[in-house]
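Report on the structure given below.
Predicted model, so just to flag it, every value in this text is computed and none were measured.
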Amino acid sequence: MANLVSHVEQSLEPDRPDESIASAGTLIADLIREDAYVGDVYSLSYETALVQIHDYHREQVGGIPALSFLLATRTPPDATIDIRREEASVLLLRVLDHADLPNAAEALRVRVETAQRVSGEVDQHWDDQQVMDPTTHNILSYAGVRCRVLGTFYVTADSSTDPPIYSLSFGSDISNYYPNKGLKVYKPRAAVLQRIVNYRSLGTEEERMGAPVTIGRVRYASTHRPFQQVSDVPVSIMPSDLLGQKSALFGMTRTGKSNTTKIVLKAIFELRWQSNSVRIGQLVFDPNGEYANENTQDANDQAVPTAIKNVWACGPEDLQEELKQDVVTYGITGHPNDPGRHLMLLNFFEDDNLEIGKTIIDANLSGDRDAKYIGNFCDVRLEPPDSSDRSAMTRHNRRVLVYRALLYKAGFRPPANIRPATRNLFNAALLAALTANSDSAEYQNCATILARPQPSWGELI
């Protein structure tokens, strides 16, 4: 019977890992450090993990900031890992917020009552050993944190080679979980954290265009303490990872969003002179001139101060003249440091631009709208009406004629193909009434000009 049981147990277990599989297990084992232990998962689902952490372990790892990464696994540190087992994996968690333990209400009551006993004693805290007994202090030192399950690190093999090539892979979910199996939790720091934040799949040769570009360092919060052991962890990206993707960059004021964007734009441009060269067109909308103009504060005595329009200067010397032609800047005003800028001017006279130009003018007059004549001018709209409504079209064409005359008077010069036209805009009865007004030469002069089929802009003024 004993031999039968032993035989059944052996048949249910995976084969002993050979040397290559045992070596592959180090890809997982290297993520787990005994000195990084923080607690245990006490509740797990496909999307959320609840972790219990003691204050002692929280302090040992430099704290648990919100949004920090945690690793959960059943594999003990320094163990030989058989990658064929289901448990040979590591869950990647992200801390979201605290989570109440079942004794949260009782713990809160004890803390409040204990704090009341030392109220007014500034040299003594309610958690001092003289105030709270060690057993109670130890029990109340446990707290829960709620984490989001980001995915799973596991080992895969490329069976197309002999022997197979093993690599660390990441899946953005978990394929299974056991509610009654505990997971130990570790906080990745230093080299382990660097390996996680810079993880990328190998991909194909086409997907590996360019070299990794460092864009900054890990920072979980504004309160950035060196003992947390994350301040020296660099974060890099592959420029090709951004191609064909929707990307967003968020951050507080003065945290380096503009400089990071410059680094990203420069890295994508540099794909032009990599081994497998590729030209990627980039269109940058830059209302404040952050990228088109030199930032003299960041120049640091460089021959070419930092500006995206100078990105060509980073290329090989024999290609710089060619690369320089690939960078074109546009603007609505000239700039002394950018003589080659193409000016993009909006012609207010064009039919398609009438309402756009009017909106720009209205915005500039917004501070003077209290004056009745300016308010009336801003209220005028220039959208064309239904073309089948002849009466409405006549009134619209009159407004456009007067508006263009005002633009001309303000110093804007219309294109040669736009000439003032008064045909069919003013009926004979109106012109006759103006002419018959013998008390005003201006009225008579007006009638003479409006009666012409094509008066000049100067006459209309």
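Closest of all the heavy-atom pairs between V284 and Y291 is CG1-CD1, 3.9 Å. Taking both residues in full, the closest heavy atoms of L323 and G315 are given as CD1-CA, 3.9 Å, listed atom of the first, atom of the second, then distance. Heavy-atom minimum distance, K257 versus G251: NZ-O, 3.2 Å. When all heavy atoms are compared, the tightest approach of P234 to V197 is O-CG2, 4.1 Å. Residues D30 and R195 share a closest heavy-atom pair of CB-NH1, 3.3 Å. Smallest separation of non-hydrogen atoms from L346 and G357: CD2-N, 4.4 Å.
Interatomic distance, L249 CG to T261 OG1, rounded to the nearest 0.5 Å: 5.0 Å. One distance of note links NE2 of H396 with OG of S387; it measures 11.0 Å at 0.5 Å rounding. Between the OH atom of Y220 and the OG atom of S231 there is a distance of 11.5 Å, given to the nearest 0.5 Å. Note: K266 NZ to E270 CD = 3.5 Å, rounded to the nearest 0.5 Å. Atoms CD1 and CD1, on I28 and I83 in that order, are 9.0 Å from each other to the nearest 0.5 Å. Note that OG of S68 is 10.0 Å distant from CG of L93, once rounded to the nearest 0.5 Å.
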Kindly determine whether V95 and V51 satisfy side chain to side chain contact (heavy atoms under 4.5 Å, CB included), including the steps that lead there.
-> CA-CA 9 Å; V95 177; V51 182; over 6 Å; no

Kindly determine whether D78 and R33 satisfy salt bridge (Lys or Arg N to Asp or Glu O under 4.0 Å), including the steps that lead there.
-> CA-CA 8 Å; D78 303 322; R33 303 288 174 86; over 6 Å; no

Begin from the C-alpha positions of Q60 and D35 and carry the test side chain to side chain contact (heavy atoms under 4.5 Å, CB included) through to its verdict.
-> CA-CA 8 Å; Q60 292 299 109; D35 61 354; over 6 Å; no

For R217 and D232, run salt bridge (Lys or Arg N to Asp or Glu O under 4.0 Å): C-alpha distance rounded to whole Å, both residues' side-chain angles, the deciding distance at 0.1 Å, then the answer.
-> CA-CA 6 Å; R217 299 184 182 278; D232 294 327; 5.2 Å; no

Check the pair Y186, V90 against side chain to side chain contact (heavy atoms under 4.5 Å, CB included), reporting the backbone distance first and the verdict last.
-> CA-CA 10 Å; Y186 305 84; V90 174; over 6 Å; no

Does the pair N176 and E86 meet the rule for a side-chain hydrogen bond (donor to acceptor under 3.5 Å, both in side chains), with working shown?
-> CA-CA 9 Å; N176 189 22; E86 184 182 12; 3.0 Å; yes

Kindly indicate, with the supporting measurements, whether the criterion salt bridge (Lys or Arg N to Asp or Glu O under 4.0 Å) is fulfilled by D326 and R279.
-> CA-CA 10 Å; D326 289 343; R279 292 165 58 91; 3.0 Å; yes

Dump the intermediate steps for side chain to side chain contact (heavy atoms under 4.5 Å, CB included) on V145 and I53, then the final yes or no.
-> CA-CA 8 Å; V145 295; I53 300 175; 3.8 Å; yes

Intermediate values then yes/no, salt bridge (Lys or Arg N to Asp or Glu O under 4.0 Å), D286 and K309 = CA-CA 12 Å; D286 184 22; K309 71 181 180 65; over 6 Å; no

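The closest side-chain heavy-atom distance from L71 to L92 is below 4.5 Å. Residues V131 and H125 form no side-chain contact, since every pair of their non-hydrogen atoms from C-beta on lies 4.5 Å or further apart. Residues T329 and H335 form no side-chain contact, since every pair of their non-hydrogen atoms from C-beta on lies 4.5 Å or further apart. Here the side chains of R74 and L91 are not in contact, with every heavy-atom distance at 4.5 Å or above. Residues F349 and L354 have side chains not in contact (no heavy-atom distance under 4.5 Å, counting atoms from C-beta outward). Considering only heavy atoms from C-beta on, Q116 comes within 4.5 Å of V112 through its side chain. A heavy-atom distance below 4.5 Å is found between the side chains of R200 and P212. Between S89 and T73 there is no side-chain heavy-atom pair separated by less than 4.5 Å.
Between H342 and Y330, the angle of the ring planes lies from 30° to 60°, which puts this pair in the tilted group.
Put simply, the residue from N347, L406, L407 that forms a side chain to side chain contact (heavy atoms under 4.5 Å, CB included) with F412 is L407. Among D82, L31, L183, I81, the single residue meeting the side chain to side chain contact (heavy atoms under 4.5 Å, CB included) criterion with T75 is I81.
The backbone N or O of G216 lies less than 3.5 Å from no partner atom in the side chain of R219, so there is not a single donor-acceptor pair. Checking side-chain atoms of T136 against main-chain N and O of M132 turns up no donor-acceptor pair under 3.5 Å. Proximity of a side-chain donor or acceptor of T26 to a complementary backbone N or O of A29 within less than 3.5 Å is not detected. A donor-acceptor pair is defined here as one N or O able to donate and one able to accept, closer than 3.5 Å; such a pair exists between the side chain of Y199 and the backbone of F170. Counting only distance, with no hydrogens or angles, the side chain of R85 and the backbone of E87 share no donor-acceptor pair below 3.5 Å. Judged by distance alone, with hydrogens and angles left aside, the side-chain atoms of N103 form no donor-acceptor pair with the main-chain N or O of E106 at under 3.5 Å. Counting only distance, with no hydrogens or angles, the side chain of R94 and the backbone of F69 share no donor-acceptor pair below 3.5 Å. Q320 places a side-chain N or O within donor-acceptor distance of the main-chain N or O of A313, the cut-off being under 3.5 Å. The closest donor-acceptor contact from the side chain of N198 to the backbone of Q194 lies under 3.5 Å. In this structure, K184 contributes its side chain and D40 its backbone to no donor-acceptor pair below 3.5 Å.
By the side-chain hydrogen bond (donor to acceptor under 3.5 Å, both in side chains) test, R341 pairs with N293, D338, sequence neighbours left out.
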Side chains of residues 147-157: which donor-acceptor pairs under 3.5 Å do they make with residues two or more places apart or in other chains?
| residue | atom | partner | partner atom | Å |
| --- | --- | --- | --- | --- |
| T152 | OG1 | D173 | O | 2.9 |
| T156 | OG1 | S169 | OG | 2.7 |

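Sparse packing is recorded around NZ of K372, with 12 or fewer heavy atoms of other residues, nucleotides or ligands lying under 6.0 Å away. The number of heavy atoms from other shown groups lying within 6.0 Å of CD (Q129) does not exceed 12. The environment of E113 atom CD is dense: over 12 non-hydrogen atoms of other residues, nucleotides or ligands sit within 6.0 angstrom. Heavy-atom neighbours of E355 CD from other residues, nucleotides or ligands within 6.0 Å: above the threshold of 12.
The cationic group of K358 lies under 6.0 Å from the six-membered ring centre of F377 and within 45° of the ring axis, placing it in a cation-pi geometry.
We find that D351 and R404 are joined by a salt bridge, their nearest charged nitrogen and carboxylate oxygen being less than 4.0 Å apart.
No side-chain donor from either of T359 and D362 sits under 3.5 Å from a side-chain acceptor of the other.
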